[in-house]
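Below is one structure, written out as structure tokens; the observations come after it.
Chain letters run A, B, ... following the sequence lines, proteins first, then strands; residues in each count from 1.
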Number of protein chains: 2
Amino acid sequence: MQGVRRVLVVDDDDGVRTAVTWAFEADGFEVLAVDNGLSAMETIDGEVLSLVVLDLSLSGLGGLDILRRLRANESRNGQRHLPIIVLSGRDSETDRIIGLDLGADDYLVKPFSPGELAARARSVLRRSAEQAGGASAPFTPVGNGVEVDRTSRSVWVDGRSIELAAKEFDLLAYLVEHPRRACRRSELLAAVWSSDSDWQNESTVTEHVYRLRTKIETDPQNPKWLRTVRAVGYRWEG
Amino acid sequence: MQGVRRVLVVDDDDGVRTAVTWAFEADGFEVLAVDNGLSAMETIDGEVLSLVVLDLSLSGLGGLDILRRLRANESRNGQRHLPIIVLSGRDSETDRIIGLDLGADDYLVKPFSPGELAARARSVLRRSAEQAGGASAPFTPVGNGVEVDRTSRSVWVDGRSIELAAKEFDLLAYLVEHPRRACRRSELLAAVWSSDSDWQNESTVTEHVYRLRTKIETDPQNPKWLRTVRAVGYRWEG
DNA sequence: GTCGATGATCAACGACTTCTCAACATTTCA
DNA sequence: TGAAATGTTGAGAAGTCGTTGATCATCGAC
């Protein structure tokens with residue numbers, strides 16, 4: 001898409017900055033790294049960036065503040081959406097990220113593997129490019145795999161069109177948009193049903209997954225895409 | 001790593017303070033020395049230090065208290081791990097266990113030779129530098145070795161994907177996040193099982209370590225990553 | 001070497017999770 | 001309004017996982 005892909009890494013831990021920098025440079029990115037929120041904001045204002053990797057738990061001007069300010073600025077000035085991947089230190093923070101829906105494009109919980117970060121970065125950039133690419137080219141379902149188009153709300157599996165009910169589609173779309181993430185049922189309830197797990201029964205999710213599998217998996221008993229993560233929930237193998 | 005290597009010596013015995021100070025100054029360290037726990041905490045808060053040498057048997061605010069507070073603060077604020085070498089007057093097994101459990105990086109019993117202390121200091125600092133240097137901490141190295149990803153809850157050993165049960169994964173993730181630390185079984189119970197050791201049997205940890213080893217170690221009888229620390233617990237060799 | 005303490009290994013059982021299906025509730029649309 | 005499609009809930013079966021205690025191996029002290 002662009003000649004230079006430039007990423008900003010914001011983390012106050014030397015080790016994380018170094019490792020993330022390596023991972024991105026190995027992937028052909030130009031990397032800027034800063035260790036605090038103020039420098040991060042300055043860099044974002046002053047530089048042309050393709051992507052920001054942002055630690056949530058910065059001291060001082062925190063990751064959440066940056067995210068909030070950035071998104072507020074963008075919508076006020078009608079600027080282009082700058083893709084952001086959030087890093088969070090604890091698994092419990094994940095729930096907050098999802099709950100608050102702060103506009104991160106993806107998020108990773110430490111510890112994470114560099115390869116995983118690189119994969120998510122590519123995926124975020126691809127989506128961002130498709131979006132910027134305007135009136136997305138008429139969808140052509142190609143070859144193998146599962147293709148989901150939110151605009152026409154249609155789904156193809158290995159090139160064949162599949163009919164899904166509304167909730168089934170929403171669930172699948174969410175999973176496909178968050179590939180390789182172990183999603184807990186409560187997360188899916190919140191995201192797809194806009195509901196609290198206190199309010200709604202989590203077995204609703206189980207049942208919809210069951211129906212989805214019968215429709216999209218070749219061997220529903222032995223699912224290839226929609227995998228169970230025992231004691232947690234489900235994961236889409238993108 | 002740093003231009004100046006600065007060490008804080010905490011001991012209420014004049015003779016020990018003097019001897020240790022000499023030993024470190026001869027080794028090119030800048031030395032701060034205090035004779036009580038309160039001053040120690042103040043110095044730790046106010047100064048940039050490379051290492052603390054801490055007498056366990058201080059009167060007043062004791063060595064164990066300092067260790068506990070310091071490590072609690074670090075984990076709460078996500079600060080860098082400050083290396084600590086503990087000095088103890090007695091060779092009692094109990095103190096040794098408690099000292100290592102609370103996150104002392106090494107341990108010396110009085111009387112000791114200044115040369116021995118200097119050697120251990122160098123070793124502790126080297127390990128600490130390696131750790132901060134990126135190849136460990138929340139991040140696991142690429143390629144060979146064990147990679148853990150909390151987001152997708154998946155694990156790779158030498159590039160091959162490994163299936164783990166829920167508790168096995170949680171245990172592994174905790175260990176990987178605290179590399180090169182002797183973790184007591186009670187600590188692991190508290191961290192991974194959110195449980196009291198009075199309530200749950202510590203052999204649960206032993207068993208889970210056993211299962212983990214059979215899944216991730218090439219030679220489980222002779223573990224390379226998940227090592228036993230006799231009379232204490234287990235340690236992850238990051 | 002012997003003894004005691006500690007860890008490894010194994011088997012067994014109970015508890016928990018998910019799958020599956022059926023029944024009921026709700027929405028949609030003719 | 002009524003029928004069909006869709007969504008939600010609950011219950012039982014099947015399977016996996018977690019935990020424990022027993023027994024054997026190993027280590028270190030004496």
Side-chain angles (χ1 to χ4, degrees), chain A residues 153 155 162-174 182-186 188-217 219-223 226-235, chain B residues 91-94 96-97 100-101 109 153 155 162-172 174 182-186 188-217 219-235:
Chain A
R153 293 184 70 86
V155 176
I162 301 281
E163 291 297 322
L164 293 183
K167 279 280 183 291
E168 289 165 4
F169 179 87
D170 292 339
L171 174 60
L172 176 61
Y174 181 85
C183 300
R184 32 197 83 238
R185 291 185 178 72
S186 62
L188 294 169
L189 265 187
V192 178
W193 279 262
S194 329
S195 158
D196 212 294
S197 56
D198 296 339
W199 183 245
Q200 229 176 0
N201 199 318
E202 296 196 350
S203 67
T204 296
V205 178
T206 310
E207 170 64 16
H208 279 259
V209 165
Y210 172 65
R211 294 189 185 174
L212 250 185
R213 280 176 175 163
T214 62
K215 293 190 181 181
I216 64 171
E217 294 280 0
D219 178 8
Q221 262 99 6
N222 197 12
L226 215 176
R227 302 281 287 272
T228 300
V229 182
R230 207 149 211 290
V232 178
Y234 300 96
R235 180 177 60 211
Chain B
D91 190 11
S92 106
E93 188 81 345
T94 326
R96 173 176 230 113
I97 295 172
L100 286 175
D101 179 45
V109 179
R153 294 184 68 90
V155 176
I162 302 281
E163 294 293 324
L164 293 184
K167 279 280 183 292
E168 289 165 2
F169 179 88
D170 292 337
L171 174 61
L172 176 60
Y174 181 85
C183 299
R184 258 179 114 189
R185 289 188 178 72
S186 62
L188 295 169
L189 267 186
V192 177
W193 279 261
S194 333
S195 156
D196 212 294
S197 55
D198 297 338
W199 184 246
Q200 232 176 356
N201 199 319
E202 295 198 348
S203 68
T204 295
V205 177
T206 310
E207 172 65 15
H208 279 261
V209 165
Y210 170 65
R211 292 189 184 175
L212 250 185
R213 281 175 174 162
T214 63
K215 293 190 180 180
I216 63 171
E217 294 279 359
D219 179 7
Q221 263 98 7
N222 196 14
K224 190 172 136 197
W225 291 301
L226 214 177
R227 303 283 286 271
T228 301
V229 182
R230 216 182 149 71
V232 179
Y234 300 96
R235 184 179 56 215

| request: Send over the distance from A:Asn222 CG to D:dT16 P, rounded to a whole Å. | output: 12 Å
| Euclidean distance, atom CD of residue A:Glu217 to atom P of C:dT20 [Å, nearest integer] | 12 Å
| Counting distance only, does the side-chain N/O of B:Glu217 pair as donor-acceptor with the main-chain N or O of B:Trp225 below 3.5 Å? | yes
| query | Roughly how far, to the nearest 0.5 Å, is CG of A:Leu226 from CG of A:Leu171? | reply | 7.0 Å
| message | So if I take every side-chain heavy atom of B:Lys167 and compare against D:dG7, D:dG18, D:dT9, which nucleotide ends up nearest? | response | D:dG18
| note | Rounded to whole Å, the CD-P distance (B:Glu202 to D:dG18) equals 19 Å
| said: How many whole angstroms separate atom CG of B:Leu188 from atom P of D:dG18? | reply: 15 Å
| request: Quick one: pull up CG in B:Asp170 and CG in B:Leu172 and give me the separation to the nearest 0.5 Å. | output: 9.5 Å
| Sub-4.5 Å side-chain heavy-atom contact between B:Val192 and B:Phe169 | no
| message | Looking at B:Gln221, I'd like to know whether one of its side-chain N or O atoms comes within less than 4.0 Å of OP1 or OP2 on C:dA8. | response | no
| What integer distance in Å separates B:Asp219:CG from C:dA8:C1'? | 14 Å
| said: Check this one for me: any side-chain N or O of B:Thr228 less than 4.0 Å away from OP1 or OP2 of C:dA8? | reply: yes
| field | Under-4.0 Å side-chain N/O to phosphate OP1/OP2 contact, A:Arg230 with C:dT18 | value | no
| message | Within the 4.0 Å heavy-atom criterion, would you say B:Val205 contacts the bases, only the backbone, or no part of the nucleic acid? | response | nothing
| Is the shortest heavy-atom distance from the side chain of A:Arg213 to the side chain of A:Thr228 under 4.5 Å? | yes
| query | Looking only at side-chain N and O atoms, does B:Arg211 come under 4.0 Å of OP1 or OP2 in C:dA8? | reply | no
| request: Take atom NE2 of B:His208 and atom P of C:dC10, then tell me their distance rounded to the nearest Å. | output: 16 Å
| task | Considering just the side-chain nitrogens and oxygens of A:Arg213, establish if one lies under 4.0 Å of OP1 or OP2 belonging to C:dT20. | result | no
| query | Whole Å only: how far is the CG atom of A:Leu171 from the C1' atom of D:dG7? | reply | 13 Å
| request: Using a cut-off of strictly less than 4.0 Å, decide whether A:Ser203 has a side-chain nitrogen or oxygen near OP1 or OP2 of D:dG10. | output: no
| request: Can you tell me the distance, in whole Å, between the CG atom of A:Leu172 and the C1' atom of D:dT6? | output: 17 Å
| query | For C:dC21, does OP1 or OP2 lie under 4.0 Å from any side-chain N or O of A:Tyr210? | reply | yes
| request: Examine D:dG7: is either OP1 or OP2 under 4.0 Å from a nitrogen or oxygen in the side chain of A:Trp193? Give yes or no. | output: no
| note | Per atom distances to the A:Glu207 side chain, the nearest of D:dC17, D:dG10, C:dC19 is D:dG10
| said: Does B:Phe169 reach a base, just sugar-phosphate, or nothing at all? Heavy atoms under 4.0 Å. | reply: nothing
